[in-house]
2 protein chains.
Amino acid sequence: MSAQSDKHAVLCEKLKACDIRPTPQREVVLKVILEKRDHPTADEIFARVKASMPTISLATVYNCLETLVTCGLVRQVNLERAPTRYCPNLQEHAHFHDEVTGKVHDVELPGDFMDRLRTILPAGFDASTVELNFRGKAATN
Amino acid sequence: MSAQSDKHAVLCEKLKACDIRPTPQREVVLKVILEKRDHPTADEIFARVKASMPTISLATVYNCLETLVTCGLVRQVNLERAPTRYCPNLQEHAHFHDEVTGKVHDVELPGDFMDRLRTILPAGFDASTVELNFRGKAATN
DNA sequence: AGTAGGAATTAGAATAATTCCAAATCACCC
DNA sequence: GGGTGATTTGGAATTATTCTAATTCCTACT
Ligand SMILES: [Mn+2]
Ligand SMILES: [Mn+2]
Ligand SMILES: [Zn+2]
Ligand SMILES: [Zn+2]
């Protein structure tokens, strides 16, 4: 079995595990997100995907992204009013937005950090999502 | 001195303290934000302002909001892709976004909470802003 | 294998928050 | 009172995203 079809099988399994049809479009969108640990926008994903699938449409990229986010295979990151970014890192983590370069960095969190954060909520508030974003300058090295 | 001109003087002082000209438009935009402890959008602010100043334009509301946010008299709150909201609460606090009603609630934080949050950043990352957002269901009572 | 029915994809139009622009008005100084 | 830069204004432009309606693709069933 080639490395190609190996990868294909892995992606396919991930999609099927989420009960969504493993279409070629969904597969390639998921692939380009997973193969780099950055935080691309829909446009950037569209550009990367077109390399291997030139006929795909931007609407389909948006459709696939929505599906992948909903089923939890990809995380969505919204910072200020900028275009939505997509994150392959499924561990609980925070984001640091470098205000000089515009890059978004993952910030690892100690074990049960998010759960501990939840404890500051007053009674009656039940959070399904916790989002922690930093913004500032990162050392350039 | 009437309560009216009293309020006027207070708003005026706040603006002057920030080194910005206390124009009637800036004053009324700041007033409607401060007089309710909610998180209105620019549209909502525009609607409220028009009650006392029917000739103001939406562009001016956006201009004023930008000025007020930049000089720190008002906080800007971005949640997901929804329209930007504006917050009169200058204390450090988190936000809870009620996914049923759409309302945004302030969440008070223990004293130096934000500073402690900053300590989880790896060396070389210097955050000027920390943003903590919850999303979920709030008890309806 | 052939086909019906639903899901997914597609191109392009529509939407909507925000920003941009250029002209009019305003405030303050001389 | 005129000059000057700041502010306001209405409308056009921008742009990420969503919507629409038509086409294509799968899959299940006979
Ligand atoms: Mn983009
Ligand atoms: Mn609005
Ligand atoms: Zn991330
Ligand atoms: Zn607030």
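So you know, we letter chains A, B, ... as the sequences are listed, proteins then strands, and number each from 1.
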Within residues 29-39 of chain A, residues whose heavy atoms come under 4.0 Å of DNA chain D: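 Heavy-atom cutoff 4.0 Å gives no residues at all.
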Selection: residues 56-76 of chain B, any non-hydrogen atom under 4.0 Å of DNA chain D: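 Residues of residues 56-76 of chain B that come under 4.0 Å of DNA chain D are, in numerical order, B:Ile56, B:Ser57, B:Ala59, B:Thr60, B:Asn63.
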Provide a list of protein-nucleic acid N or O atom pairs under 3.5 angstrom, restricted to nucleotides 24-29 of chain C.
none

Test side-chain hydrogen bond (donor to acceptor under 3.5 Å, both in side chains) applied to B:Arg81 - qualifying residues, sequence neighbours left out: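 Scan of B:Arg81 (side-chain hydrogen bond (donor to acceptor under 3.5 Å, both in side chains), adjacent residues dropped) gives A:Thr84.
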Under the side-chain hydrogen bond (donor to acceptor under 3.5 Å, both in side chains) test, residues paired with A:His105 that sit two or more places apart: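 Testing A:His105 for side-chain hydrogen bond (donor to acceptor under 3.5 Å, both in side chains), a comparison that skips the adjacent residues, returns none.
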When the distance from [atom1] of [X] to [atom2] of [N] is rounded to whole Å, what number comes out?
X: B:Asn78; N: C:dT18; atom1: CG; atom2: P; answer: 8 Å
X: B:Phe46; N: C:dT18; atom1: CZ; atom2: P; answer: 14 Å
X: A:Asp43; N: D:dT18; atom1: CG; atom2: P; answer: 13 Å
X: A:Arg85; N: D:dT17; atom1: CZ; atom2: P; answer: 11 Å
X: A:Glu27; N: D:dC26; atom1: CD; atom2: P; answer: 12 Å
X: A:Glu44; N: D:dA16; atom1: CD; atom2: P; answer: 11 Å

Under 3.5 Å, which donor-acceptor pairs do the side chains of residues 122-132 of chain A form with other protein atoms, sequence neighbours left out?
residue, atom, partner, partner atom, Å
A:Ser128, OG, B:Arg135, O, 3.1
A:Glu131, OE1, A:Asn133, ND2, 3.2
A:Glu131, OE1, B:Asn133, ND2, 3.3

Counterpart residues, ring pair (Phe, Tyr, Trp, His ring centres under 6.0 Å), relative to A:His95 (two or more places apart):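 Once residues adjacent in sequence are excluded, the partners of A:His95 under the ring pair (Phe, Tyr, Trp, His ring centres under 6.0 Å) criterion are A:His39, A:His93.
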With A:Tyr86 via ring pair (Phe, Tyr, Trp, His ring centres under 6.0 Å) - residues at least two apart: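 Checked A:Tyr86 against ring pair (Phe, Tyr, Trp, His ring centres under 6.0 Å); zero matches.
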Heavy atoms from other residues, nucleotides or ligands near CD of B:Glu35 exceed 12 (cutoff 6.0 Å):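 Yes, because the 6.0 Å sphere around CD of B:Glu35 holds more than 12 heavy atoms from other groups.
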Greater than 12 external heavy atoms within 6.0 Å of B:Glu80's CD: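 It does: B:Glu80 CD has more than 12 such atoms within range.
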Co-members of the apolar cluster containing A:Leu90 [side chain, <4.5 Å]: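 Other cluster members: none.
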For [X] and [N], is the shortest distance between a side-chain N/O and OP1 or OP2 below 4.0 Å?
X: A:Gln25; N: D:dC25; value: no
X: A:Arg81; N: C:dA17; value: no
X: A:Thr23; N: C:dA7; value: no

Test salt bridge (Lys or Arg N to Asp or Glu O under 4.0 Å) applied to A:Lys103 - qualifying residues, sequence neighbours left out: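 Per chain and number, A:Lys103 pairs via salt bridge (Lys or Arg N to Asp or Glu O under 4.0 Å) with no residue.
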Pairs flagged by salt bridge (Lys or Arg N to Asp or Glu O under 4.0 Å) wherever residues 48-62 of chain A is involved - sequence neighbours left out: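 Output for this query lists A:Asp38-A:Arg48.
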When the side chains of residues 10-23 of chain B are checked against the rest of the protein, which donor-acceptor pairs come out under 3.5 Å, sequence neighbours left out?
residue, atom, partner, partner atom, Å
B:Thr23, OG1, B:Arg26, N, 3.1

Upstream residue (5' side of DNA chain D) when B:Ile20 and A:Ala82 are each assigned their closest nucleotide: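 This one resolves to B:Ile20.
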